[in-house]
There are 2 protein chains.
Amino acid sequence: MAEVPSGQPQGQSRQKVGRDGILDVAARLFREHGYAHVTLRKIAQAAGIKAGSIYYHFGSKDEIVVAILDAGIAVVHEQMHQAVSALPAGSGGATILRAAIRAHLRALLDFSDYTSANVRIFGQVPQVVRDANLPVRRAYEAEWDALLSGLQAQGALRADLDIRRFRLMLIGALNATLEWFDPDRGSADALSDTYADIFLDGILTRTGGQT
Amino acid sequence: MAEVPSGQPQGQSRQKVGRDGILDVAARLFREHGYAHVTLRKIAQAAGIKAGSIYYHFGSKDEIVVAILDAGIAVVHEQMHQAVSALPAGSGGATILRAAIRAHLRALLDFSDYTSANVRIFGQVPQVVRDANLPVRRAYEAEWDALLSGLQAQGALRADLDIRRFRLMLIGALNATLEWFDPDRGSADALSDTYADIFLDGILTRTGGQT
DNA sequence: GTCTATATGGGGATAGAC
DNA sequence: GTCTATCCCCATATAGAC
């Protein structure tokens, strides 16, 4: 993301000092390479400092990871909430869901190294780190469940749809996109529309007309 | 899976000798703990041998991993192919898709430590290992694409559905289930039906009647 | 706030006895 | 086929100079 000034040694970005600079480069590295392969030495090198210096800002590697995981959920939660809140009052269920899906996918694929790092490494980190990230995860999940339950109560969603199960399926499907998304084959927004088309109406040929 | 005779020391299964025994325990450990956290020492301990002995059967840790990844795809590929082939001639598109989805999810959640290990660790292994697994993956993907394209040619699926993209979405969604599936909340088969319901017909309330 | 130097532990892999 | 013993490397983390 940050361009490297042309005179710099390879593999070392310009100094990104301070706690936030370290988090930024660490999030990018975790996103790209996964949890285990990213060492403090590599984070330090990418930030333009030495490994020992990291301990002035953080108490442990896991402390860095927890900060990144939490920030990743915070970003996507805020984006999704904003996107839905910004819709005109009285928007239909399909419109609301499309907006929420698009916001989630944008944060994951376009915006945020923190969100994508979260999705990428959550399954790889030690249990204590996962536990530390749980509260913010639960809050985001609750936001989705509230949204979906509201739509179901309005009659926009099938009455027999299990909200929790559908939310797990939907978020799981969206997050899995990270593994194969290629911006050269289409934008995140275009992908959002395809997801929405499929989840809202399915893939079968319709005999009767439908929204 | 294998019961431990009651007199055995903790953390050590009964001897599972030979190459296949090592692969079995390694697949289970990779499934449970991910790639990086499973060491040769732990595999050896679980197999009831010492770490050095593994090198009689395998040239490296990566050789073990490649064997497990390949076997994981082979199992799910075979199961899916069998399930579809076993259907009565002239089965409808919805029936065929339901059978394929069910077979995939069964292999992943009920059957095979190899398949679930593949899904769990593929994103964590070194590039050379991923590359080695690519041919069998491509073959499985081709099986799905052929199935879906055939259904689309028959008019069972929407004509504007991008097959490759849908296949990535579907397999990604099914595989993501591994992260949250809890057999106490319902069987893999029940989950398959929910997936099929959603992907085939969507989640919106239908105004007109539909299959 | 960052450096150098180092303690400590664990990993994959190899050699040779049995 | 499995063992013990060991090499070598790299990880996190700490201590103290600057």
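The chains referred to below are lettered A, B, ... by the order of the sequence lines, with proteins before strands, and numbering in each begins at 1. Note that these values count all heavy atoms, side chains included, but never hydrogens, waters or copies made by symmetry.
The pair B:Asp145-B:Arg164 does not meet the salt-bridge criterion, since no charged nitrogen lies less than 4.0 angstrom from a carboxylate oxygen. One finds no salt bridge joining B:Asp113 and B:Arg28 here, because no Lys/Arg side-chain nitrogen approaches an Asp/Glu carboxylate oxygen to under 4.0 Å.
Between B:Tyr55 and the phosphate of C:dA13, there is a side-chain N or O to OP1/OP2 separation shorter than 4.0 Å. Proximity of A:His37 to the phosphate of D:dA11: no side-chain N or O atom is located under 4.0 Å from OP1 or OP2. Regarding contacts with the backbone of C:dG1, every side-chain N or O of A:Ser53 stays at 4.0 angstrom or more from both OP1 and OP2.
At least one cation-pi condition fails for A:Arg158 and A:Phe166: the charged atom is not both under 6.0 angstrom from the six-membered ring centre and inside a 45 degree cone around its axis.
Applying the 3.5 Å distance criterion, the base of C:dG12 shares a donor-acceptor pair with the side chain of B:Arg41.
For the pair A:Arg165 and B:Leu191, the minimum side-chain heavy-atom distance is below 4.5 Å. No side-chain heavy atom of A:Asn133 sits less than 4.5 Å from a side-chain heavy atom of A:Val125.
Distances from the side chain of B:Lys50 to the nucleotides D:dA13, C:dA13, D:dT4 place D:dT4 closest.
Atom CG of A:Leu40 and atom P of C:dA5 are 19 Å apart (whole Å). When rounded to the nearest whole Å, the span between OH of B:Tyr56 and C1' of D:dC3 equals 14 Å. Atom pair B:Asp62:CG and C:dA13:P shows a separation of 7 Å (rounding to whole Å applied). The distance from atom NZ of B:Lys42 to atom P of C:dG9 is 16 Å, rounded to the nearest whole Å. Atom CD1 of A:Ile64 is separated from atom P of D:dA11 by 14 Å (rounded to the nearest Å). Rounded to whole Å, atom C1' of C:dG12 lies 15 Å from atom CZ of B:Phe58. Between the NZ atom of A:Lys61 and the C1' atom of D:dT14 there is a distance of 18 Å, given to the nearest Å. Between the CD1 atom of B:Ile54 and the C1' atom of D:dT4 there is a distance of 15 Å, given to the nearest Å.
Projected onto DNA chain D by closest heavy-atom contact, A:Thr39 and A:Gly52 fall at different nucleotides, the more 5' of which corresponds to A:Thr39.
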